[in-house]
Amino acid sequence: MPELPEVETIASGVNLRVRGERIVEVWFGGKREPFKMPAARQAKGLEGRVILEVHRTGKHIVCELGTADETVQSHPSRKDKNAARMGHPSDGFEEQASETAAQWIVHLGMTGRLLVTTPDAPVAPHTHARLGLASGRELRFVDPRRFGRLEFRELSRNAGFVAPGADPLSVTTAEFAQLFHGRRLAIKAALLNQKLLSGVGNIYADESLFRAGIRPRRLAGRLKRMELEALRLALGEVLRDAIRLGGSSVSDYVDSDGMPGFFQLEHCVYQRTGLPCLRCQTPIRRIVLAGRGTHYCPQCQR
DNA sequence: CATTTCACCTGGTGGC
DNA sequence: TGCCACCAGGTGAAAT
């Protein structure tokens, strides 16, 4: 389901709804442990903590958690040596983040959802985690295919979560070119590599290559400077447009409030196989590249 | 080392 | 209706 725009929409929605809330009850379900860490250990760590802030890094949702016994407006008495860290968006939250004692990191995989619900809302099939909040509402993690990952980090023992790749919304021209320099793989495959850029997935790789007029099979290291810059700008544009429209709801994506996004209406190539190109009427072509369905216009993309 | 393929899961869709 | 093949927003281990 989720690439950068969808994860951004969910994270900001969850942040608006649960920021400042205390976790009073934790429930994990399912027979197996589909996560990065035993459910019991996560539950123990989460219980009683205040959610200070929820934000996105790459495709990960990071919930910044206070210490279990602190109040929402606690003063910085229990300073944590490792707590001053990178990876925080500069939104003026540093003062409070420096006392953050833990993180809950959510990766949605293909079909994961993070929902804020009322306590009486019916529990959807494949609900794997429910965090009961002081207000009575619940934060629920639902994931049919179970490709998603949940991880709890004690910040006194670990560094804060940092995305492995560059941020596609703020990467500079020079950094962007450097990422692909000398690489002998298809540009589409390179865009999907999270160690290079964090947050680009199948939809936005195809859509940005269309906007930049570049064929997905072109080798990353052979792109000209002009083409790389066109791609960087196209990628930024398409991601920002998609965030503005709440992401793409292709089959069942919904935000933290259960609402769909609308960027699927703006797709030029993704899942438009055989349909006429919106610019030149040539039928859109589908190939498999890096194991993923890949869509492009053979006329507009060279 | 860099690059490619495939397994991990469940569910929806379309052909026969 | 049923059965089956194929497809799906991602990722990392294994193979090449």
Side-chain angles (χ1 to χ4, degrees), chain A residues 1-11 29-37 56-61 105-115 124-128 141-151 161 163-165 168 178-209 216-222 235 238-239 241-243 245-256 259-267 269-274 286-295:
Chain A
M1 137 197 333
E3 304 180 34
L4 188 152
E6 292 76 31
V7 179
E8 175 66 32
T9 302
I10 292 168
K31 13 261 151 202
R32 271 168 291 175
E33 302 274 1
F35 315 121
K36 263 186 119 159
M37 177 185 293
R56 174 196 65 78
T57 301
K59 293 177 189 171
H60 297 260
I61 299 165
I105 297 149
V106 178
H107 191 289
L108 298 169
M110 291 275 261
T111 54
R113 299 180 181 194
L114 198 60
L115 297 166
H126 307 293
T127 297
H128 300 118
F141 174 68
V142 181
D143 182 16
R145 287 177 75 179
R146 302 193 313 194
F147 289 171
R149 291 290 177 267
L150 302 176
E151 183 188 359
F161 178 80
Q178 189 56 37
L179 292 177
F180 304 113
H181 181 77
R183 300 207 167 256
R184 305 174 64 78
L185 78 168
I187 184 61
K188 159 89 184 249
L191 286 172
L192 293 176
N193 184 343
Q194 301 299 297
K195 288 178 179 161
L196 300 178
L197 287 170
S198 296
V200 183
N202 209 32
I203 296 175
Y204 301 102
D206 282 4
E207 293 296 322
S208 61
L209 286 167
R217 271 205 262 248
R218 294 275 304 282
L219 293 187
R222 296 252 171 94
L235 185 56
V238 80
L239 293 173
D241 286 354
I243 290 170
L245 293 183
S248 301
S249 288
V250 171
S251 69
D252 61 359
Y253 158 74
V254 289
D255 69 13
S256 62
M259 299 298 289
F262 295 96
F263 192 73
Q264 67 280 7
L265 303 173
E266 307 287 317
H267 292 175
V269 289
Y270 182 74
Q271 289 196 347
R272 294 195 66 247
T273 310
R286 179 186 187 276
I287 59 176
V288 175
L289 203 164
R292 318 297 303 276
T294 297
H295 316 76

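Below, chains carry the letters A, B, ... as their sequence lines are ordered, and counting in each starts from 1. Predicted, not measured: the structure shown is a model, and the values here were computed from it.
- In this model, the phosphate group of dT11(C) is approached by a side-chain N or O of His107(A) to a distance below 4.0 Å at OP1 or OP2.
- Within the 4.0 Å cut-off from OP1 or OP2 of dT11(C), at least one side-chain nitrogen or oxygen of Lys59(A) is found.
- The CG atom of Asn202(A) sits 13 Å away from the P atom of dC7(C) (whole-angstrom rounding).
- Using cut-offs of 30° and 60° for the angle between ring planes, the His107(A) and His60(A) rings count as perpendicular.
- When each of dC9(B), dG10(C), dG11(B) is scored by its nearest atom to the side-chain atoms of His126(A), the top-ranked nucleotide is dG11(B).
- Among the protein residues, Phe263(A) comes within range of no part of the nucleic acid, since none of its heavy atoms lies under 4.0 Å from any strand.
- Taking atom OH on Tyr253(A) and atom C1' on dT10(B), their separation rounds to 21 Å, with Å as the unit.
- Among the nucleotides dT4(B), dC9(B), dC7(C), the one closest to the side chain of Leu185(A) is dT4(B).
- Taking all atoms of both residues into account, the shortest heavy-atom contact from Leu192(A) to Gly201(A) is CD2-C, 3.3 Å.
- Between the C1' atom of dT11(C) and the CG atom of Leu192(A) lies a distance of 11 Å, rounded to the nearest Å.
- Note on Gln194(A): a side-chain N or O is less than 4.0 Å away from OP1 or OP2 of dT11(C).
- A side-chain donor-acceptor contact under 3.5 Å links Glu3(A) to the backbone of Asn202(A).
- Here dG10(C) presents its C1' atom at 16 Å from CZ of Arg146(A), a figure rounded to the nearest Å.
- Counting non-hydrogen atoms under 4.0 angstrom, Ser249(A) reaches a base of the nucleic acid.
- dT11(C) and dC1(B) have their P atoms separated by 22 Å, with the value rounded to a whole Å.
- Here, dC7(C) and dT5(B) have their P atoms 15 Å apart, quoted to the whole Å.
- Side-chain atoms of Ser249(A) do not come within 3.5 Å of backbone N or O of Gly247(A) as any donor-acceptor pair.
- The aromatic rings of His126(A) and His128(A) sit tilted relative to each other, their planes meeting at an angle between 30° and 60°.
- Checking dG11(B), dA8(C), dT3(B) against every side-chain atom of Gln271(A), the shortest atom distance belongs to dA8(C).
- For Arg145(A) and dA8(C), a side-chain-to-base donor-acceptor distance below 3.5 Å is present, hydrogens and geometry of angles not being considered.
- For Leu108(A) and dT11(C), the CG to C1' distance is 13 Å, given to the nearest whole Å.
- Residue Arg292(A) places none of its side-chain N or O atoms closer than 4.0 Å to OP1 or OP2 of dA8(C).
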Practice problem: For Leu108(A) and Lys59(A), run side-chain contact (heavy atoms from CB on, under 4.5 Å): C-alpha distance rounded to whole Å, both residues' side-chain angles, the deciding distance at 0.1 Å, then the answer. | Solution: CA-CA 8 Å; Leu108(A) 298 169; Lys59(A) 293 177 189 171; over 6 Å; no
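- Closest approach to the Arg183(A) side chain among dT3(B), dC7(C), dT11(C) is made by dT3(B) (side chain taken as heavy atoms from C-beta onward).
- Rounded to whole Å, the distance from CG on Leu196(A) to P on dT3(B) is 9 Å.
- Whole-Å rounding puts the Leu150(A) CG to dG10(C) P distance at 18 Å.
- As judged by a 4.0 angstrom heavy-atom cut-off over every strand, Gly291(A) is placed among residues making no nucleic acid contact.
- Under the Watson-Crick and G-U wobble criteria, each requiring two contacts below 3.5 Å, nucleotide dC9(B) is left unpaired.
- Atoms NE2 (His295(A)) and P (dC7(C)) sit 10 Å apart, rounded to a whole Å.
- The ring of Phe147(A) lies on top of the base of dC8(B), close enough and flat enough: under 5.5 Å between centres, under 30° between planes.
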